[in-house]
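Here the structure comes first, spelled out in structure tokens, and everything after it is commentary.
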Amino acid sequence: MTRVRVTAPHTEQGIQARTPGQRIPNQRTAGPLETREAAQDSEVGQVFVRSLIRSQLRLALVVAGGFLLILAAFPLVLVLVPGLAESGIAGIPFGWLLLGVGTYPVIGLSAWLYVRTAARNEARYRDLAGEQ
């Protein structure tokens, strides 16, 4: 699919009336959407966008994989450490506490890590693409 950018035609009268650098009244400056589209139109911009998508996908897979490994380690700890599964705190088995309460800090840490790193990836993309 090819993108076509449609712009208003420049008339000779309008071009002659302006001095270089003079802003036309009611003329909008390029906003973030126009800048983003301009970056995606060029081959270099497309490479930057593909790179951003790949880095975000890689980050999501690494964070999800790490979360699943830690989550899978909880039952392994209960099986490998003798007597841990039978012990309890306030009548609640330790296994239930570990799986019920111990997962929330792991979820929070995974989410914090993902958001922080995703924001850094996007900031690097904006720097490369020349966006504000």
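These numbers come from the heavy atoms of this one structure, side chains and all, not from hydrogens, waters or symmetry mates.
- To the nearest 0.5 angstrom, Asp127 atom CG is 10.5 Å from Phe48 atom CZ.
- Counting only heavy atoms from C-beta outward, the side chains of Phe67 and Leu109 never approach each other to under 4.5 Å.
- Residues that satisfy the side chain to side chain contact (heavy atoms under 4.5 Å, CB included) test with Ser51, not counting sequence neighbours, are Arg54.
- With sequence neighbours left out, Leu84 forms a side chain to side chain contact (heavy atoms under 4.5 Å, CB included) with Val77, Leu78, Val81, Ser87, Phe94.
- At least one side-chain heavy atom of Val106 sits under 4.5 Å from a side-chain heavy atom of Phe74.
- Atom OG1 of Thr117 and atom CZ of Arg58 lie 12.0 Å apart (nearest 0.5 Å).
- Once rounded to the nearest 0.5 Å, the distance linking CD1 of Ile92 with CG of Leu98 reads 13.0 Å.
- Clustering ILVMFWY residues whenever any of their side-chain heavy atoms sit less than 4.5 angstrom apart, transitively, puts Ile53 in a cluster other than the one holding Leu59.
- Hydrophobic cluster membership is shared by Leu99 and Ile107, with clusters built from Ile, Leu, Val, Met, Phe, Trp and Tyr side chains linked at under 4.5 angstrom.
- For Glu122, the side chain to side chain contact (heavy atoms under 4.5 Å, CB included) test picks out Leu52, Gln56, Arg126, with sequence neighbours left out.
- Atoms CG and CG, on Leu61 and Leu68 in that order, are 10.5 Å from each other to the nearest 0.5 Å.
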